[in-house]
A.B. asks: 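Following this message is one structure expressed as C-alpha cells.
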2 protein chains.
Amino acid sequence: MSHRITMADVAREAEVSVMTVSRVVNGKDGISITTRQRVQEIIDRLGYRPSTLARSLVTDRTGTVGLVVIDNSNPYFSEVARGVEHVAYAEGYNVFLCNTEEDPQRELRILQSLSDKHVDGVILCSSRLDDADLHSALAAHSHAVLVNRPSGTTEIGEMLLDDAYGGYLATKHLIASGHRAIGYLAGPTQSFSGAQRGTGYRQALTEAGIPLRPEWEQACLPVVENGTEKTLELLSDHPELSALFCYNDLVAVGALKACQQLGRRIPDELAIIGFDDIPLSALVNPSLTTCWSPKYELGSQAMELLLARINGCTDDCTNVIFQPELVIRESAP
Amino acid sequence: MSHRITMADVAREAEVSVMTVSRVVNGKDGISITTRQRVQEIIDRLGYRPSTLARSLVTDRTGTVGLVVIDNSNPYFSEVARGVEHVAYAEGYNVFLCNTEEDPQRELRILQSLSDKHVDGVILCSSRLDDADLHSALAAHSHAVLVNRPSGTTEIGEMLLDDAYGGYLATKHLIASGHRAIGYLAGPTQSFSGAQRGTGYRQALTEAGIPLRPEWEQACLPVVENGTEKTLELLSDHPELSALFCYNDLVAVGALKACQQLGRRIPDELAIIGFDDIPLSALVNPSLTTCWSPKYELGSQAMELLLARINGCTDDCTNVIFQPELVIRESAP
DNA sequence: CTGTTAGCGCTTTCAC
DNA sequence: GTGAAAGCGCTAACAG
C-alpha cells in the first residue's frame with residue numbers, strides 16, 4: 001500500500017480547490033458542468049475514493065450499525081442476521097455482527113465497543129440484560145431497535161413477535177388432541193420470549209380447565225444438548241406427561257433425541273411442539289410441529305426501522321408486532 | 001445525545017494539556033504518578049471514551065475487519081463466522097459481516113465498501129471471484145486472508161482444508177463398501193473446494209480401476225432444494241448409480257429427500273456421503289456419513305492469521321492446511 | 001460558480 | 001514531566 005489518494009491530490013491535479021472536489025464527490029450543485037466533468041474524470045483516472053473516516057469525523061455519521069445476537073451459529077439468529085444484512089447492504093450500510101454468548105457482561109462490553117466505534121445505531125436481538133443495564137448501555141447510542149423484547153419507551157424501536165399467542169396456539173393444539181399433561185421447556189430464565197410463551201401456555205391450560213402444575217415447567221438453554229438433558233429429567237420426574245411444548249426448535253430436537261434414547265415413540269407416547277420453524281424442524285424425523293416466526297422479516301424490518309429512526313423519523317416509523325403461525329407436522333399432528 | 005465528552009473536556013477539568021490526557025488514555029509513560037491518577041479520576045468521573053474515529057484518522061488503524069461469506073444463514077458459514085468473531089472480540093476488534101449471495105458483482109462491491117471503511121483487513125471465505133478480479137479487489141486492502149482457496153502469493157494469507165483428500169476419503173469409503181457406480185454432486189462451478197473434492201473423487205476411482213464417467217458428475221447449488229432437484233435428475237438419467245458423493249451436507253440432505261420421494265432406500269439402494277459435518281447431518285434420518293471440516297477453527301485461525309499479519313508478522317505467520325476426517329454414520333456405513 | 005477559513009478529536013513531533 | 005504546534009482528510013459556513 002503506497003499512498004492513498006486524497007481529495008488534495010485530486011484538487012491539485014484538477015487545479016481546483018478541495019472544496020470543489022468535495023462538491024463533485026457529494027453530488028452537490030452549484031458547480032459548472034464543465035468543472036464537474038473535469039474533476040470527475042480525474043477522480044476516475046486516479047481511482048480516488050473518499051475516506052469515510054474523515055467524513056464521519058465531521059458529519060458524525062459512520063454508515064455502520066451494530067447487530068447484537070446471542071449466537072450467530074444458532075439458525076434462528078443467523079436468519080435474522082441475513083435479513084438485517086440484506087437491507088443494510090441495499091442502503092450502503094455495513095453491519096458489525098456481535099455474539100453475546102448468553103453473557104450479560106459480554107453484552108455490555110459489546111455495546112460499549114460499538115458505541116466507541118460510533119455506529120449510527122444498534123439492533124439488539126434477544127437481549128439478556130436487565131432493564132437498568134439495558135437502558136444505561138443504550139444511552140450511549142443515538143438509535144436502537146430491540147428485537148424480541150419491548151423497550152418501554154418510544155426512544156427505542158421494537159420489533160416483536162406475539163410470543164404469548166404462539167404459546168397459546170401451540171398449547172391449544174395439544175389440548176385439542178386430547179392432551180392434559182403438558183410440560184413446558186421454558187428456555188433461559190432471562191428470556192423475555194420464553195416468559196411470554198409461558199404465559200400463553202398457562203392461559204390455554206386455564207381456559208381448558210386444566211390446573212397449572214409449576215413442576216411441569218422447566219428452564220433450559222436454547223440448544224439441542226440441553227433440550228435432551230432437561231427432557232430426560234422432566235420425563236423421569238413426571239412420566240405422566242403426554243406432551244411437551246418447547247422454547248424453540250433446537251430444544252424440541254433435543255427432546256426428540258431424548259425420546260429416542262428412552263424408546264418413547266413420537267407422537268404417540270409423547271407429542272412435541274417447538275418454536276421458530278427453523279429449516280431443521282422440517283428435516284428431522286419425525287418432523288417437528290412448531291410455531292413459525294418471521295425470522296428474516298424480523299431482521300429486515302428491524303433494520304428498516306433503525307434506518308428510519310437514523311434518518312430522523314419520529315412518529316410514523318412504527319414498531320411492528322408479528323403474529324406466529326402454527327405449522328403442523330409429525331411430532332404433534 | 002447532548003454532547004460527547006472529548007479529550008479537551010477532560011484536559012480543561014484536570015487543568016492539563018490535551019497531550020497529557022492522551023498519554024494517560026494510552027498508558028504511555030513519562031507522566032508523574034500523581035498527574036496520571038488525577039487525570040484518570042476525571043476520565044472516570046466524566047465517563048470519557050476516546051473517539052476511535054479521530055484516532056483512526058491519524059493512526060490509520062480502525063480495529064475492524066471484514067468477513068465476507070456467501071450466506072451467513074448457511075450453517076457452515078455461520079460457524080466459521082462464530083470462530084472469527086470469537087477471536088476478534090478477544091482482541092478488541094469488531095467484524096463487519098457481509099453476504100455475497102453467490103454474486104461476484106456484489107462481492108466486488110462489498111470489498112470496495114469495506115476498503116472505504118478502512119478495515120484493517122479482510123477474510124474472504126469461499127470467494128467466487130476469478131483470479132484477476134480477486135487480486136485487483138484485494139489490492140485496495142492492506143491485509144487479507146483467504147479461506148477455502150489458495151491465494152498464489154505470500155502477500156495474502158490462506159486457511160485451507162485438504163479438499164482433494166476429503167473427496168478421496170469419501171469415495172474410497174464407498175468403493176470399499178463395494179460401490180462402483182458413484183455419482184458426484186459437485187457444487188457451484190466456481191467453487192474451488194468443489195473442484196478439489198472432484199479431483200479426490202476421480203483419483204479414488206482411478207486407483208480402484210473404475211473408469212471415469214463425466215456424466216455422473218453434476219454441478220449444483222449448495223442448498224437443500226437444489227440437492228433434491230439435481231439428485232432426481234441424476235438418478236433419472238443414471239438409475240445405475242448406487243452411491244452419491246455430495247458437495248456438502250445441505251446437498252446431501254437434499255439427496256436424502258429425493259430418495260424419500262422416489263422410495264429409494266438409504267443406504268441399501270443408494271449410499272450418500274456429504275461434506276462439512278454440520279450439526280444437521282447428525283440429526284436427519286438416516287444420519288449422514290460425511291467429511292468433517294474444522295469450521296470454527298477455520299474461522300478462528302483465519303482471524304489469528306489476519307491479526308498476525310496486521311501486526312506486522314511476515315514469515316512465521318504461516319498458512320494452515322487442515323485435514324478432513326471421515327465421519328461414518330447411517331447413510332453410508 | 002468557486003475558494004477561504006475553521007474545525008471534527010485525536011496523535012506525532014519537537015520544544016521546554 | 002509536560003505542553004504547543006501541526007496535521008490526519010474531510011465538510012460547514014461564509015466570502016467573493
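Letters go in sequence order (proteins before strands), and every chain restarts at 1.
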A.B. asks: Could you tell me if B:Asn148 and B:Ser193 have a donor-acceptor pair between their side chains, going purely by distance under 3.5 Å?
C.D. replies: no
A.B. asks: Taking only side-chain nitrogens and oxygens of B:Lys28, does any of them come within less than 4.0 Å of OP1 or OP2 of C:dT11?
C.D. replies: no
A.B. asks: Does B:Ser22 make a side-chain N or O approach to OP1 or OP2 of C:dT11 shorter than 4.0 Å?
C.D. replies: yes
A.B. asks: In terms of side-chain geometry, is the basic nitrogen of B:Glu101 or B:Arg109 positioned less than 4.0 Å from the acidic oxygen of its partner?
C.D. replies: no
A.B. asks: As a test of reading the structure: which of C:dT11, C:dG3, D:dG9 is closest to the side chain of A:Thr20, going by heavy atoms?
C.D. replies: C:dG3
A.B. asks: How is A:Asn26 classified with respect to the nucleic acid when contacts are heavy atoms under 4.0 Å: base, sugar-phosphate, or nothing?
C.D. replies: sugar-phosphate
A.B. asks: Do the side-chain N or O atoms of A:Thr35 get closer than 4.0 angstrom to the phosphate oxygens (OP1, OP2) of C:dC1?
C.D. replies: no
A.B. asks: Can you tell me which nucleotide in C:dT2, D:dG7, D:dT2 comes closest to the side chain of B:Val58?
C.D. replies: D:dG7
A.B. asks: Going by number, which of residues 46-56 of chain A have a non-hydrogen atom under 4.0 Å from DNA chain D?
C.D. replies: A:Tyr48, A:Pro50, A:Ser51, A:Ala54, A:Arg55
A.B. asks: At less than 4.0 Å, is any side-chain N or O atom of A:Ser32 found next to OP1 or OP2 of C:dT2? Yes or no.
C.D. replies: yes
A.B. asks: Select from A:Arg23 and A:Met7 the residue whose nearest nucleotide in DNA chain D is closer to the 5' end of that strand.
C.D. replies: A:Met7
A.B. asks: Between A:Arg82 and A:Glu79, does any side-chain N to carboxylate O distance fall below 4.0 Å?
C.D. replies: yes
A.B. asks: Of B:Leu108, B:Leu129, B:Ile156, which meets side chain to side chain contact (heavy atoms under 4.5 Å, CB included) against B:Leu134?
C.D. replies: B:Leu129
A.B. asks: Looking at B:Glu13 and B:Arg45, does any basic side-chain N land under 4.0 Å from a carboxylate oxygen?
C.D. replies: yes
A.B. asks: Tell me: CZ of B:Arg38 to P of D:dT2, nearest whole Å?
C.D. replies: 8 Å
A.B. asks: Please state whether the phosphate of D:dG3, meaning OP1 or OP2, lies under 4.0 angstrom from any side-chain nitrogen or oxygen of B:Ser17.
C.D. replies: yes
A.B. asks: Looking at A:Glu107 and A:Arg128, is there a salt bridge between them, counting it only when a charged N and a carboxylate O are closer than 4.0 Å?
C.D. replies: no
A.B. asks: Within this structure, what is the CZ-to-P distance between A:Arg36 and C:dC1, rounded to whole angstrom?
C.D. replies: 10 Å
A.B. asks: Which is true for B:Val16 with a 4.0 Å heavy-atom rule: it touches a base, it touches only sugar-phosphate, or it touches nothing?
C.D. replies: sugar-phosphate
A.B. asks: Salt-bridged, A:Arg149 to A:Asp131, with N to O below 4.0 Å?
C.D. replies: yes
